[in-house]
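Reviewing the structure listed below.
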Amino acid sequence: MSNSQMVIVVAGAQGNLGKLVCEALLAQARLAGQAVLVRGLVRKGRSSAPTTASDTAEPQLVIEPVDYTSDDDLRRVCAGAYCVVSTLQGLEEVIVGVQSRLLKAAIAHNVRRFIPSDFSGDFTKLPVGSHRNFDLRRKFHQAADVIIQQAQTQIEFTSIFQGGFTELLGSGWVLFDYKKRQVAYFGSADAMMEYTTWQNTAEFTAAVALDPNPTPRYLYIAGQRMTPREAQRVAKQVTGVDFALKRVMPTWLLGGVIKLMKFFKPGQPDEVMPLWVAMQYGYCGALGLMSPARLDNERYSGIQWTGVNGVIRQAFDAAQAGRSPA
Ligand SMILES: NC(=O)c1ccc[n+]([C@@H]2O[C@H](COP(=O)([O-])OP(=O)(O)OC[C@H]3O[C@@H](n4cnc5c(N)ncnc54)[C@H](OP(=O)(O)O)[C@@H]3O)[C@@H](O)[C@H]2O)c1
């Protein structure tokens with residue numbers, strides 16, 4: 001590693017988002033002619049993980065097996081880093097436990113910036129209890145405040161809020177029912193929501209990681225924002241057919257259904273996304289508290305923002321042809 005090389009650590013480098021963030025970091029570094037080394041962390045001992053740091057086909061990417069329970073090991077992989085990006089997924093042990101240890105390791109090495117694995121709508125104004133997984137992320141934010149304060153450090157702690165991943169709109173379960181030709185929503189047809197592709201989210205995250213300027217506590221992006229009522233218009237415009245606007249139930253009733261689901265079908269203790277938690281996304285969206293006042297899309301040049309049309313078109317065509325959504 002040369003002295004001028006910028007080291008970016010990506011925790012969860014073989015996950016859905018982590019892989020894309022690694023690719024985006026390498027692509028942006030190449031384009032800028034910047035010397036960057038991406039240290040992609042994977043869990044030690046997983047069958048897919050290499051047993052030692054492995055050079056990949058890409059010399060600027062090193063996949064590094066790490067023991068997330070070991071402070072020493074975390075300090076080892078954070079040495080010399082400019083930014084640590086977490087794309088980890090999990091429950092309290094990961095989101096609060098592992099991320100707290102990783103933040104402490106980053107601080108021990110004077111890492112400039114830490115990006116937590118938030119990647120959602122802005123959950124900071126939601127009432128506690130609205131969403132189990134968002135509560136865990138807020139618990140980590142509180143823990144991070146204490147860690148940063150106690151260390152008396154200036155590390156930039158920057159969350160990225162991109163709303164829902166646009167690709168979810170092609171599932172047939174989120175907002176659009178392509179078979180029934182319906183836009184199904186909870187609460188109000190005028191609650192604004194943000195949607196961003198995995199790719200755009202990864203590109204923006206990479207740009208934040210490499211940013212030579214100070215980054216703020218929160219950054220907000222969206223490939224497209226729309227309410228359910230606007231989604232109905234978009235669906236018609238993209239497919240040429242009418243979509244009905246269907247209110248599935250009011251927010252208060254959805255809250256009650258989720259409580260029952262949680263009681264009768266709690267899921268496995270280690271399950272990140274049992275059905276009642278998945279339903280909490282709809283509930284939080286319907287509360288209308290997650291939509292940001294500003295967007296930071298223009299902060300970095302070179303990102304081509306993708307809207308929702310392509311996903312809708314593809315999913316509609318698949319439904320027409322009797323195929324399940326991609
Ligand atoms: N807003 C949205 O619509 C939306 C949708 C999906 C995800 N997200 C968010 O995006 C972020 C990344 O999600 P993703 O789908 O990319 O995650 P993922 O692929 O499911 O998991 C990311 C990584 O987390 C690591 N991990 C899982 N359990 C762990 C444990 N017990 N201990 C240590 N590491 C563990 C795994 O690392 P190894 O590979 O090394 O085992 C995995 O590769 C998360 O914050 C997630 O909540 C948002």
Side-chain angles (χ1 to χ4, degrees), residues 16-17 119-122 126 130-131 133-134 161-201 221-261 265 267 273-292 295 297 304-326:
N16 300 314
L17 184 61
F119 304 110
S120 57
D122 177 2
L126 289 173
S130 322
H131 195 292
N133 297 2
F134 291 157
F161 290 131
Q162 91 290 351
F165 285 125
T166 307
E167 287 81 352
L168 291 171
L169 297 177
S171 66
W173 291 99
V174 179
L175 206 56
F176 300 103
D177 183 327
Y178 298 96
K179 286 195 183 124
K180 292 187 184 157
R181 298 184 179 179
Q182 273 179 358
V183 171
Y185 67 96
F186 301 104
S188 162
D190 298 305
M192 187 60 83
M193 285 287 294
E194 288 66 39
Y195 303 95
T196 310
T197 60
W198 287 90
Q199 182 64 29
N200 280 164
T201 304
I221 53 172
Q224 188 157 341
R225 350 173 56 165
M226 61 185 179
T227 64
R229 199 182 304 284
E230 286 164 352
Q232 182 190 29
R233 273 201 301 276
V234 171
K236 163 96 189 206
Q237 189 193 331
V238 173
T239 65
V241 306
D242 285 322
F243 274 61
L245 192 56
K246 181 174 164 44
R247 188 183 199 223
V248 181
M249 61 182 85
T251 314
W252 65 265
L253 184 54
L254 176 60
V257 172
I258 290 170
K259 276 199 185 112
L260 288 175
M261 297 279 306
K265 289 190 182 298
M273 203 66 67
L275 187 55
W276 62 272
V277 175
M279 288 167 72
Q280 286 183 321
Y281 286 103
Y283 177 75
C284 292
L287 290 178
L289 297 171
M290 299 183 79
S291 194
L295 288 181
N297 285 27
Q304 302 293 319
W305 294 98
T306 306
V308 300
N309 290 12
V311 165
I312 295 174
R313 174 85 260 163
Q314 211 181 359
F316 180 73
D317 288 348
Q320 291 280 92
R323 299 192 304 271
S324 28

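You'll find the side chain of I258 reaches within 4.5 Å of the side chain of Q280, heavy atoms only. Here the side chains of V311 and Y195 are not in contact, with every heavy-atom distance at 4.5 Å or above. M279 places a side-chain heavy atom less than 4.5 Å from the side chain of M261. Between Q199 and T306, the closest side-chain pair of non-hydrogen atoms is not below 4.5 Å. The shortest side-chain heavy-atom distance between Y185 and L245 falls under the 4.5 Å cut-off. The side-chain heavy atoms of V257 and W276, taken from C-beta on, include no pair separated by under 4.5 Å.
T196 places a side-chain N or O within donor-acceptor distance of the main-chain N or O of G223, the cut-off being under 3.5 Å. Listed for the N200 side chain is a donor-acceptor partner under 3.5 Å among the backbone atoms of Q304. Between the side chain of E230 and the backbone N or O of T227 there is at least one donor-acceptor pair closer than 3.5 Å. Proximity of a side-chain donor or acceptor of T201 to a complementary backbone N or O of T197 within less than 3.5 Å is detected.
Remark: W198 pairs with F165 by the ring-ring contact (aromatic ring centres under 6.0 Å, His included) rule, at least two apart or across chains. Taking the salt bridge (Lys or Arg N to Asp or Glu O under 4.0 Å) definition, one finds that R229 meets it with D190, sequence neighbours left out. Listed by chain and residue number, F123, H131, Y281 satisfy the ring-ring contact (aromatic ring centres under 6.0 Å, His included) test with F134 (two or more places apart in sequence, or in another chain). Contacts of F119 classified as ring-ring contact (aromatic ring centres under 6.0 Å, His included), with partners at least two apart in sequence or in another chain: none. Here A184 pairs with V248 under the side-chain contact (heavy atoms from CB on, under 4.5 Å) rule; sequence neighbours left out.
Remark: Q162 CD to I221 CD1 distance equals 6.0 Å, nearest 0.5 Å. One finds the CE atom of M226 at 10.5 Å from the CD atom of E194 (value rounded to the nearest 0.5 Å). In this structure, CG on D242 lies 12.5 Å from CD on Q182, to the nearest 0.5 angstrom. For the atom pair D122 CG and F161 CZ, the distance stands at 4.5 Å (nearest 0.5 Å). Separating the CG atom in L289 from the OG atom in S130 is a distance of 8.0 Å, to the nearest 0.5 Å.
P292 and L295 get closest at one heavy-atom pair: CG-CD2, 4.1 Å. F243 and Q232 get closest at one heavy-atom pair: O-NE2, 2.9 Å. Here the shortest heavy-atom pairing between C284 and L126 reads SG-CD1, 3.7 Å. When all heavy atoms are compared, the tightest approach of L175 to A231 is CD2-CB, 3.8 Å. Nearest heavy-atom pair across G288 and A191 is CA-CB, 4.5 Å. Scanning all heavy atoms of the two residues, the minimum distance from A319 to Y178 falls at CB-CB, 3.6 Å.
Between R181 and D177 no salt bridge is recorded (no basic side-chain N to carboxylate O distance below 4.0 Å).
Residues in residues 245-255 take part in no side chain to side chain donor-acceptor pair (under 3.5 Å) pair, two or more places apart or across chains.
With no hydrogens or angles considered, a side-chain donor-acceptor pair links R225 and S291 at under 3.5 Å.
Considering Q320, R313, Q314 in turn, R313 is the only one that fulfils the side chain to side chain donor-acceptor pair (under 3.5 Å) rule with D317. Under the side chain to side chain contact (heavy atoms under 4.5 Å, CB included) rule, N309 has a single partner from T239, T166, V238, which is V238.
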